[in-house]
Colleague: 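My questions all concern the structure below.
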Amino acid sequence: MNALDRANSAVNAARVDPRYRGAYHLSPPSGWMNDPNGLASFGGAYHVFYQHNPFAPRWGKMHWGHATTTDFVSWRHEPVALAPERWYESLLGCFSGTAIAEDGRLTVMYTGVSPFGQLQCLASSADGLSFERRPSNPAIRAKDLPRHASVFRFRDPKITARDGAYYCLVGARDRRSGSGIILLFRSADLAGWEYAGDAWSCPDADMVECPDIVRMDDGRDLLICSPTNIRKEGHRNLHSVVYSVGALDTVSGTFRGSPYRQVDLGYDFYAAQAMKADDGRTVMIAWMQMWKRSMPTAELGHGWAGSMTLPRELTLDGDALIQAPVRELSAYRRGAVRREAVAFSGVLRVDGVEGDRLELAIEADVSQARAFGLRVLAGKGGATVIAWSAESGMVAMDRSGCGVPIRDLSAPARGTAGCGTRSARVDTRGGVLSMRVFIDRCSVEVFLQGGRATLTATVYPEDGDTGVEFFSEGAAVIRSLEKYDIVA
Ligand code: FRU
């Protein structure tokens, strides 16, 4: 950033009100954050870049913000890594992309948004902090595209190295059908790229954003991507993050996998990206937000907007994705409260179980109950409700009565309080419902049945609303309850 931009960013930084800032989630030091970009392990730290407007808590010309961590819980803010300054970024800046660490350098590929289209560009760094653009940029230009792909909806490259070559997935739109596709490009040296095929297509969407691919322990590929304006039953948000398990065939240039499913069934989860941790774990991070929603921190003049989800460890069970919060979080647990075998019906409050920076782990026998759940961040401003019902077989989340209202600005749900409810089907045939709930001031993330389903929400409770209440219709037994304050 130049000196004027630094000064403007400092003006906004002075407006930051920390009231709703998460204590153990990554959010920008000030200004706006969306997608995670370029997740990589490099130089002894994990790097997370992100879409960033340093000047205001609103989307604007995109920069790459930057944070590092060694444990996915404590974050260190680094200087802005990319600020728009070349002709090929001159329209809307530096959009989402990928990173690859090799031969002591960290190379990123991102989308430059120029007046002539969206073009894929390279920059690299020896220290992981300051980046130099390749003089030969853009690396993938309009002329490299197949005729059926629109150069104005061609973005978010993800590089993967396979069999001695580099492959790059790029989100796009098929101009013939108007539906979402992922294009595959091949390169011997990262510099020159050729189109290798339409790797995947999503007829239910009008574009695919933020494709990601990672190889799982059993050798299968996990494809994660973000189809936009998706029209499909069960997809309750404007855009979705979906996954498919299969194989990227670099010869035919296609990915073949299981029917796609949603990664998270909550309100706020988008543009997810995954990486390999140094010990081989697959760790995913998503933007904890959705487009076309009102943003309370921006409206309240707090000078910042947007956070990432907890980094989540991914494993597969068959073709099903299992998500667990990173295990490093357990080192930040304080103030444990534990209970066992608590039978109740009606409402239950447990001494010492409250707070707004918490982990709750609950295992309940619900075999005799008609409904069971909890209200968190409860108080005079309402609560966020997480409720299982025997009749539906679902766990539903409802934030409509919690604190500052969040409005859906997208048709057709425009104006619905709190954007309605969200729900996930759970298998309670063994009579047991298990939940891990992470609360961090403005967020609630729920991992159900050992991470077989997740529900993620942002919420903006009133000051002092830190209550936790359990409720049951019919007899429920909390077999075990653990509460920890998470102190980061
Ligand atoms: C997804 C996205 C990407 C784009 C970026 C712009 O949230 O729309 O497709 O690169 O955000 O900030």
Side-chain angles (χ1 to χ4, degrees), residues 27-28 31-39 48-66 80-84 88-99 108-114 117-123 138 140 149-159 168-173 179-183 200 202 205-212 224-230 235 237-242 263-264 267-274 284-293 295 298 305-309 409-410 456 458:
S27 52
W32 166 271
M33 163 189 274
N34 60 285
D35 315 358
N37 296 155
L39 308 189
V48 173
F49 302 87
Y50 55 88
Q51 291 287 280
H52 182 42
N53 176 10
F55 310 125
R58 290 186 300 278
W59 194 85
K61 237 184 190 184
M62 282 291 101
H63 296 57
W64 271 38
H66 187 191
V80 165
L82 294 170
Y88 46 79
E89 302 150 356
S90 60
L91 188 65
L92 296 173
C94 307
F95 273 20
S96 287
T98 178
V108 299
M109 188 187 246
Y110 61 97
T111 302
V113 183
S114 80
Q118 304 189 337
L119 310 163
Q120 316 316 319
C121 306
L122 291 162
I140 310 182
S150 157
V151 70
F152 292 98
R153 291 193 191 209
F154 171 54
R155 56 179 181 262
D156 313 336
K158 164 75 188 194
I159 293 176
C168 182
L169 298 170
V170 189
R173 170 184 216 178
S179 59
I181 45 173
I182 298 175
L183 303 176
W200 195 72
C202 187
D206 65 0
M207 184 183 170
V208 176
E209 295 183 326
C210 302
D212 191 63
I224 300 175
C225 62
S226 299
T228 57
N229 295 302
I230 194 159
H235 289 250
N237 292 313
L238 179 66
H239 311 317
S240 302
V241 180
V242 304
V263 175
D264 186 287
Y267 302 89
D268 294 301
F269 186 94
Y270 198 58
Q273 294 287 295
M284 172 186 70
I285 299 178
W287 179 39
M288 193 158 52
Q289 197 56 257
M290 179 48 60
W291 290 111
K292 299 210 174 147
R293 295 268 170 79
M295 291 276 185
S307 339
M308 296 301 169
T309 62
L409 307 176
S410 69
T456 298
T458 54

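Both counts, for ligands and for their atoms, begin at 1 and track the order of listing. Only a predicted model underlies this, so the values are computations on that prediction, with no experimental measurement involved.
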Colleague: Among Trp59, Tyr110, Phe49, which residue satisfies the ring-ring contact (aromatic ring centres under 6.0 Å, His included) criterion with Phe95?
Modeller: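 Only one of Trp59, Tyr110, Phe49 forms a ring-ring contact (aromatic ring centres under 6.0 Å, His included) with Phe95, namely Trp59.
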
Colleague: Out of the candidates Glu209, Met109, Gln118, Gln120, only one should pair with Asp156 under the side chain to side chain contact (heavy atoms under 4.5 Å, CB included) rule; please name it.
Modeller: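 Of all the options given, the one that passes is Glu209.
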
Colleague: Would you please say whether a donor-acceptor pair under 3.5 Å links the side chains of Asn37 and Gln273?
Modeller: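 Gln273 and Asn37 do not have a side-chain donor-acceptor pair below 3.5 Å.
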
Colleague: For Trp32, does its backbone N or O pair with a side-chain atom of His52 as donor and acceptor, under 3.5 Å?
Modeller: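 Yes.
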
Colleague: Taking the inter-plane angle between the rings of Tyr270 and His239 on a 0 to 90° scale, is it parallel (under 30°), tilted (30 to 60°) or perpendicular (over 60°)?
Modeller: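 Tyr270 vs His239 ring planes: tilted.
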
Colleague: Please tell me whether Asp206 and Thr228 have a donor and an acceptor in their side chains that are separated by less than 3.5 angstrom.
Modeller: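 Side chains of Asp206 and Thr228: pair found under 3.5 Å.
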
Colleague: For ligand 1, give me the residues whose heavy-atom distance to it is below 4.0 Å, by chain and number please.
Modeller: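 Around ligand 1, where the cutoff is 4.0 Å for heavy atoms, the contacting residues are Asn34, Asp35, Gln51, Trp59, Met62, Phe95, Ser96, Arg155, Asp156, Glu209, Tyr270, Trp291.
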
